[in-house]
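None of these values were measured; they are calculated from a predicted model. Throughout, protein chains are lettered first and strands after them, A, B, ... in sequence-line order, and every chain is numbered starting at 1.
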2 protein chains.
Amino acid sequence: MNVTVKDVARVAGVSTATVSRALRGFQTVDPVIRAAVQQAAERLNYVGSPAAAALSTGRAGSIGVITPFVNRMAFQRMLSGIETAMRGTDMDLLLYCTGDPSDPHPVPPRKRLARRVEGFIVLSLAMHSPDVEEISKLNMPVASFGEHGPWGASVQLDDRAGAVVATEHLIGLGHTRIALIHGRDAHDPGVLEYQRHLGFNEAMARAGLPVDPTLVLPGDFTIAGGAYAMAQLLDGDRPPTAVFAFSDEMAYGAIRTMRERGLAPGSDVAVIGFDGHETSSLLDLTTITVPFEEIGATTARKLLEEIEGRSGETADVTVLPTQLTVRSSTLGGGATGNLVSSLRSG
Amino acid sequence: MNVTVKDVARVAGVSTATVSRALRGFQTVDPVIRAAVQQAAERLNYVGSPAAAALSTGRAGSIGVITPFVNRMAFQRMLSGIETAMRGTDMDLLLYCTGDPSDPHPVPPRKRLARRVEGFIVLSLAMHSPDVEEISKLNMPVASFGEHGPWGASVQLDDRAGAVVATEHLIGLGHTRIALIHGRDAHDPGVLEYQRHLGFNEAMARAGLPVDPTLVLPGDFTIAGGAYAMAQLLDGDRPPTAVFAFSDEMAYGAIRTMRERGLAPGSDVAVIGFDGHETSSLLDLTTITVPFEEIGATTARKLLEEIEGRSGETADVTVLPTQLTVRSSTLGGGATGNLVSSLRSG
DNA sequence: AGTAATCAAGTAACCGATTACTTGACAATC
DNA sequence: GATTGTCAAGTAATCGGTTACTTGATTACT
């Protein structure tokens with residue numbers, strides 16, 4: 001069977017307690033004995049059982065990441081940030097994908113992760129999701145990105161300001177018929193994109209421009225969804241002169257549809273995205289750049305602080321700013337022109 | 001403290017053994033008692049301790065994914081496939097990122113994951129990586145993508161054939177000065193890209209074309225790396241007429257550099273990638289499409305089979321095919337308007 | 001010298017679920 | 001009526017570390 005502390009203790013000629021103390025680096029162990037224990041462990045190829053340690057100490061030694069999607073660029077960038085922040089920590093990372101927010105889960109996250117981890121990073125969950133209630137019921141450390149939930153810390157994006165900046169950018173260029181490609185439930189508070197919707201409406205209202213409801217369409221946050229929405233917009237009676245997509249991916253789709261119809265982003269219809277993925281620079285897409293890596297890293301750090309019981313060192317809510325990155329998809333002119341200017345929004 | 005089986009047993013008026021049997025769905029429990037136990041568990045909001053269960057049964061209830069990088073599109077797509085395959089399973093997913101293959105890890109993967117998981121999915125690790133030896137030493141179920149390692153099952157891509165097809169596509173268009181942007185160690189067997197390198201050389205040799213070593217540059221599998229490599233190529237004495245990049249991301253970078261210099265992919269220099277990411281369709285990039293989602297899902301299924309002891313049901317090595325997707329980055333014309341006209345010849 | 005303080009190391013009681021083994025009740029068979 | 005078989009349910013050992021508590025030895029101090 002597996003090598004256990006007992007085996008190491010026997011080989012090193014000490015008790016199991018001493019083995020544990022020696023390997024965990026306690027100061028109350030004679031250096032000579034410590035070396036002997038380490039040698040014995042090495043020789044036996046000993047690896048402690050995390051399950052036993054977890055059971056004994058009550059600490060799982062891992063954190064869970066809960067997200068509704070794994071196949072979106074934003075998630076990848078946040079995960080990358082989380083991974084960076086977790087480096088050097090001895091915490092492991094568990095991934096739990098809730099899938100479509102409306103889907104019921106075969107195993108609810110509570111039963112699934114509850115006592116397997118010491119805390120959760122919750123990414124982009126809609127606040128009215130049943131999962132949110134489930135998670136908060138657990139009464140465990142949580143750090144989330146998105147709306148501020150009924151738990152500890154959260155990292156938020158200044159979504160509203162970003163949407164205002166994006167909309168004002170289009171208005172400033174003289175556009176009045178501005179279409180909106182949102183995710184799913186633009187009118188549902190508690191959903192991430194709601195704040196963006198508010199920002200859009202606010203900017204339009206301030207400029208005295210009407211929001212044409214026929215120009216507001218869902219795009220499901222995917223390329224295909226964005227492409228379909230754009231097709232609908234172009235097929236409408238009075239197509240828009242500018243489109244604001246709530247994600248870069250949807251903007252990509254919109255651009256694809258335009259190209260298929262021989263239209264050029266920028267000169268024919270202005271397109272602005274929201275995310276600032278690296279690939280957007282290649283498509284010359286004007287976008288609201290979001291620091292997803294930083295979001296991930298900050299969320300992870302907050303959770304670790306909470307777990308270590310030193311929460312409160314940083315604010316419970318951190319709001320990160322977005323940044324407007326202007327490219328030719330809203331300026332028109334040279335398709336290869338890569339004019340880039342940046343403005344802070346936050 | 002936490003609610004345990006004891007609490008449930010007390011409330012339900014039975015022993016802990018019966019609680020365990022009832023909740024695990026054993027058939028030898030009176031339906032009436034089972035219902036009582038379930039009710040009690042529900043009322044107490046009972047969630048079993050995975051650590052205790054793992055310790056008792058010896059089964060961790062989770063698998064680990066080991067990969068050197070999390071911030072590449074290929075990884076994201078494989079992870080998505082893995083996640084899909086794991087749905088409905090009661091296995092959890094642990095993520096372990098080794099980081100740069102040459103980096104030493106703060107905590108070696110063996111100590112880190114050894115007894116925390118029931119098996120590993122190993123993605124794209126170079127075979128000479130010290131991690132590979134570490135992992136195989138554990139003598140645990142492993143399913144990997146990449147070279148066939150010293151362990152159970154593996155999923156492989158027909159890299160060589162893909163590279164041959166890509167190269168022959170360029171040769172067929174009349175190109176003779178074909179540059180190669182590879183990852184890091186093109187000459188290092190045991191690295192994923194080695195097979196692609198063989199395929200490239202093979203196709204060139206078959207066509208009687210020389211491989212100019214000054215046209216073979218590393219691009220680190222990143223956009224920035226590809227952009228830099230392309231700049232070097234264009235700055236050379238005799239720039240290539242076609243470029244084969246070992247990843248779409250590097251091809252994106254190459255295209256970016258070309259655009260910055262007013263060159264059009266396809267008409268000025270042909271560019272072909274390798275990956276087939278969704279975004280490549282937007283850039284009109286010809287590429288070798290790789291079924292990464294399927295790779296992830298297949299690898300996960302193989303591992304689950306191995307864990308359940310029914311390995312052998314499928315072949316130990318599954319080789320998945322690639323597919324050539326032709327777009328205007330090798331044909332010229334396309335989105336920017338020019339039709340395919342004359343092909344360069346050397 | 002005698003007593004107290006200090007400290008390394010051992011003993012054993014946990015942590016919480018699982019399950020081999022045992023018990024006891026009731027039914028079936030001789 | 002006595003004996004055996006069946007089966008639900010209880011008892012308690014077990015998984016492998018961790019750590020409060022105990023022990024025994026050495027050092028410090030009156």
Side-chain angles (χ1 to χ4, degrees), chain A residues 1-38 40-41 44-62 90 92 111-118 138, chain B residues 1-38 40-41 44-62 90 92 111-118 138:
Chain A
M1 270 310 288
N2 268 322
V3 181
T4 73
V5 268
K6 276 185 189 164
D7 301 311
V8 178
R10 185 162 28 74
V11 169
V14 296
S15 71
T16 61
T18 302
V19 171
S20 180
R21 283 188 286 246
L23 293 179
R24 310 188 90 218
F26 285 19
Q27 289 312 312
T28 60
V29 180
D30 188 302
V32 179
I33 291 192
R34 175 192 310 265
V37 170
Q38 278 167 343
L44 294 175
N45 216 4
Y46 169 75
V47 177
S49 154
L55 184 58
S56 187
T57 61
R59 303 201 44 201
S62 56
D90 57 351
D92 284 326
K111 302 262 176 187
R112 188 68 177 256
L113 293 180
R115 300 173 65 180
R116 171 147 288 187
V117 298
E118 291 179 41
L138 292 174
Chain B
M1 272 307 290
N2 268 323
V3 180
T4 73
V5 267
K6 276 185 191 166
D7 301 310
V8 178
R10 186 162 29 73
V11 170
V14 297
S15 71
T16 61
T18 302
V19 171
S20 180
R21 283 188 286 246
L23 293 179
R24 311 187 88 219
F26 285 18
Q27 289 312 311
T28 61
V29 179
D30 188 304
V32 178
I33 291 193
R34 174 191 310 265
V37 170
Q38 278 167 343
L44 295 175
N45 217 3
Y46 169 74
V47 177
S49 153
L55 183 59
S56 188
T57 60
R59 304 201 43 201
S62 57
D90 58 352
D92 284 326
K111 302 260 177 191
R112 189 68 177 256
L113 295 180
R115 300 173 66 180
R116 171 147 289 190
V117 298
E118 291 178 41
L138 292 174

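We find that OH of A:Y46 is positioned 10 Å from C1' of D:dT18, with the value rounded to whole Å. When the P atom of D:dT6 is taken as reference, atom CD of B:Q27 falls 19 Å away, rounded to whole Å. Between the C1' atom of D:dG17 and the CG atom of A:D7 lies a distance of 13 Å, rounded to the nearest Å. In this structure, CG of A:L55 is placed 12 Å from P of C:dT18, rounded to the nearest angstrom. Between the C1' atom of C:dT18 and the CZ atom of B:R24 lies a distance of 7 Å, rounded to the nearest Å. Here the P atom of nucleotide C:dC26 and the CG atom of B:D30 are 14 Å apart, to the nearest Å. In this structure, CG of A:L23 is placed 10 Å from P of D:dG17, rounded to the nearest angstrom. The separation between B:R34 atom CZ and D:dA9 atom C1' is 13 Å, rounded to whole Å.
For A:F26, the listed nucleotide lying nearest its side chain is D:dT19; candidates were D:dT19, C:dA17, D:dG17. Each of C:dA12, C:dC15, C:dT19 was ranked by its minimum atom distance to the side chain of A:T16; first place goes to C:dA12. For B:V14, whose side chain is taken as the heavy atoms from C-beta onward, the closest listed nucleotide among C:dT18, D:dG10, C:dG16 is D:dG10. When distances run from any side-chain atom of A:S20 to the nucleotides D:dA8, C:dA9, D:dT19, the shortest one goes to D:dT19.
Taking only side-chain nitrogens and oxygens, A:S56 never comes nearer than 4.0 Å to OP1 or OP2 of D:dG17. The side chain of B:T18 places no N or O atom within less than 4.0 Å of a non-bridging phosphate oxygen (OP1 or OP2) of D:dA9.
Among the atoms of the strands shown, only primed sugar atoms or phosphate atoms (P, OP1, OP2) are found under 4.0 Å from some heavy atom of B:V29. Using a 4.0 Å heavy-atom cutoff across all strands shown, A:V3 reaches sugar-phosphate atoms only and no base atom.
The partner of D:dG1 is C:dC30, by the rule that a Watson-Crick or G-U pair needs both atom distances under 3.5 Å.
A donor-acceptor pair is defined here as one N or O able to donate and one able to accept, closer than 3.5 Å; such a pair exists between the side chain of A:T57 and the backbone of A:A53. Between the side chain of B:T16 and the backbone N or O of B:A9 there is no donor-acceptor pair closer than 3.5 Å. A donor-acceptor pair under 3.5 Å is absent between the side-chain atoms of A:S49 and the main chain of B:R115, judged by distance alone.
For the pair A:V8 and A:V11, the minimum side-chain heavy-atom distance is 4.5 Å or more.
For the atom pair CZ of B:R116 and CZ of A:R116, the computed distance is 9.0 Å after rounding to the nearest 0.5 Å.
For B:R21 against D:dG10, a side-chain N or O and a base N or O form a donor-acceptor pair under 3.5 Å.
Comparing A:A17 and A:N2 by the nucleotide of DNA chain D that holds the closest heavy atom to each, the one mapping nearer the 5' end is A:N2.
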